[in-house]
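Pasting a structure below so you can have a look.
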Amino acid sequence: MATPDGYPADGTRDVPDTHDTAADAALTVLAPRVQLLRQLAGGDGLTAAAARAGVPQPTATRWLAEASTALGTDITVRAGRGVRLTRAGELLVDGARAALAELRAAARTAAAESDPRTGTVTLGFLHTLGETRVPQLISGFRRDHPGVRFHLTQTFHEALLDRLRDGAIDLALTAPMPGEPGETDHPDLAWNVLYEQPMRLVIPAAHRLAGVRRVRLHHLQSETFITLKHGYGLRHITDALFAGAGFVPGIAFEGEDVDTVRGLVGAGLGIAVLPAGDRSETSATVEVELSPPAIRRIGLVWPAARPLAPAVAAFRDHAVASC
């Protein structure tokens, strides 16, 4: 029985034969000495075994001599006009076969990563984007790339950039973009803006400004604010907005996610500046437009100098084209 992705229910799946060919080619590079021993064990003469291993016969002869010296015992002996494996050589081949099988499986997996149809994308993103935006992007991409798999990571802005740099993730969906107000430039990263979100003042439903259509931020200097903690991209943005308005806000609480901040605002513990939400005016909070308008730009970020695997590049291009 197949899963919705089209894979067998036991979690296995067939990989196209092109990956077998690529794995065999990789083994020729990675394990020619193991291949040589395997061919000798199969009854090939030294000339034929060397040819199958893709090396000249003198090179094969030197390898065998080097292996014998390293082990302290001969692994081949003369047999008429050719050679045959000794008992030590046969024991070595027994282990080499297992090693070769493991290496071939690893090479096959590595070859699959180079195929845009079957690779893996490791995507990091902000918590606020996990409910709708990320599922929409992945769903749209997998309609044309059903074999690509995703590893997903949710964390805050600065952690996403660190993980991009150390190779733990391929792409990050985050904000703000490098070089924007409140954010330093990052010449080692490349990015593309996908869309914009308006920023709003979020206040308790019973707040004195609940009936106001828009408000200037510098008029709120006496208010108590609730923000995200330092290190979060949204905190970078709000700190820049407050600086632009000419004041340092009085902050009562610092949270780790937008829902918590909204909940604290709804409980009457302060006000906040957050991306526009989809909550109705009948909830515990009200959103008021800012004047002048403020936005949060959401973008996809990746390392500028590291080549992207084909599946990763394909997902990046899909994300850019679909927003």
With side chains defined as the heavy atoms from C-beta onward, is the minimum distance between P204 and V265 less than 4.5 Å?
yes
Is there a donor-acceptor pair under 3.5 Å between the side chain of R306 and the backbone N or O of L164?
yes
Looking only at side-chain N and O atoms, does R149 offer a donor or acceptor that is under 3.5 Å from a partner on T120?
no
Going from CG on L269 to CZ on F253, what distance comes out if it is rounded to the nearest 0.5 angstrom?
4.5 Å
Closest heavy-atom pair and its distance - A50, L36:
N-CD1, 3.8 Å
Tell me which pairs pass ring pair (Phe, Tyr, Trp, His ring centres under 6.0 Å) where either residue lies in residues 303-323, with sequence neighbours left out.
F141-F315, F141-H318, F150-F315
At what distance, to the nearest 0.5 angstrom, does OH of Y232 lie from CG of D257?
7.5 Å
CA sep, side-chain torsions, deciding dist, call: T260, L228, side chain to side chain contact (heavy atoms under 4.5 Å, CB included)
CA-CA 9 Å; T260 297; L228 267 68; over 6 Å; no
With the 4.5 Å side-chain cut-off for hydrophobic clustering, are L161 and L129 part of the same group?
yes
Are L173 and L194 packed together at the side-chain level, in the sense that at least one heavy-atom pair is separated by less than 4.5 angstrom?
yes
Look only at the side chain of S322 and the backbone of A319, and say whether a donor-acceptor pair between them is shorter than 3.5 Å.
yes
Quick test of your reading of the model: are E289 and R216 salt-bridged, counting only N-O distances below 4.0 Å?
no
OG1 on T227 to CD1 on I251, rounded to 0.5 Å:
4.0 Å
Take H157 and R235, measure what side chain to side chain contact (heavy atoms under 4.5 Å, CB included) needs, and give me the verdict at the end.
CA-CA 10 Å; H157 175 71; R235 178 61 181 267; over 6 Å; no
Indicate yes or no: at least one non-hydrogen side-chain atom of H127 is less than 4.5 angstrom from one of V258.
no
So that I can tick it off, tell me whether E256 and K229 are bridged by a salt bridge, with the cut-off set at under 4.0 angstrom between side-chain N and carboxylate O.
yes
For residues I271 and T224, determine if any side-chain heavy atom of one lies less than 4.5 Å from a side-chain heavy atom of the other.
no
For D94, all residues meeting salt bridge (charged side-chain N to carboxylate O under 4.0 Å, His left out), sequence neighbours excluded:
R97
Donor-acceptor pair, distance only, cut-off 3.5 Å: does the side chain of H145 make one with the backbone of R117?
no
Applying the 4.5 Å side-chain criterion to the ILVMFWY set and letting contacts propagate, would I295 and L217 be lumped into a single cluster?
no
Taking V288 as the starting point, is it possible to reach M199 by hopping between hydrophobic residues whose side chains are less than 4.5 Å apart?
yes
Going by ring pair (Phe, Tyr, Trp, His ring centres under 6.0 Å), name the pairs with one or both residues in residues 183-231, residues two or more places apart or in two chains.
F225-F242
First locate atom CD of Q57, then atom OG1 of T47, and finally report the distance between them rounded to the nearest 0.5 Å.
3.5 Å
Do the side chains of V193 and M177 get nearer than 4.5 Å, heavy atoms only?
yes
For V273 and I237, what are the C-alpha separation, side-chain angles and deciding distance, and is it a side chain to side chain contact (heavy atoms under 4.5 Å, CB included)?
CA-CA 9 Å; V273 177; I237 294 170; over 6 Å; no
For residues W302 and L308, report the shortest heavy-atom separation together with the two atoms involved.
CD1-CD1, 4.1 Å
Distance col, row T128:OG1 vs I298:CD1, nearest 0.5 angstrom, shows 6.0 Å
Work out which heavy atom in G119 is nearest to a heavy atom in A311; give both atom names and the distance.
CA-CB, 3.9 Å
State, to 0.1 Å, how close P176 and G233 come at their nearest heavy-atom pair, and which atoms those are.
CD-O, 3.4 Å
Can you list the steps and then say if D188 with R165 is a side chain to side chain contact (heavy atoms under 4.5 Å, CB included)?
CA-CA 8 Å; D188 58 330; R165 292 188 175 96; 2.6 Å; yes
Is the shortest side-chain heavy-atom distance between I203 and L201 below 4.5 Å?
yes
For R84 against A79, the heavy-atom pair lying closest together
CG-CB, 3.9 Å
Would a 4.5 Å heavy-atom cut-off, applied to side chains only, mark L274 and V261 as touching?
yes
Does R200 reach the main-chain N or O of E287 with its side chain, forming a donor-acceptor pair under 3.5 Å?
no
If you look at every heavy atom in A210 and A205, which pair is closest and at what distance?
CB-O, 3.4 Å
Flag, side chain of D74 to backbone of T76, donor-acceptor distance under 3.5 Å
no
Reference residue Q197; test side-chain hydrogen bond (donor to acceptor under 3.5 Å, both in side chains); the match among R297, R296, R133:
R296
Would you mind reporting whether I169 and L123 have side-chain heavy atoms less than 4.5 Å apart?
no
Quickly, which of V77, L40, I75 forms a side-chain contact (heavy atoms from CB on, under 4.5 Å) with V83? Name it, please.
L40
Atom pair CG (L160) and CZ (R163), whose distance is rounded to the nearest 0.5 Å:
7.0 Å
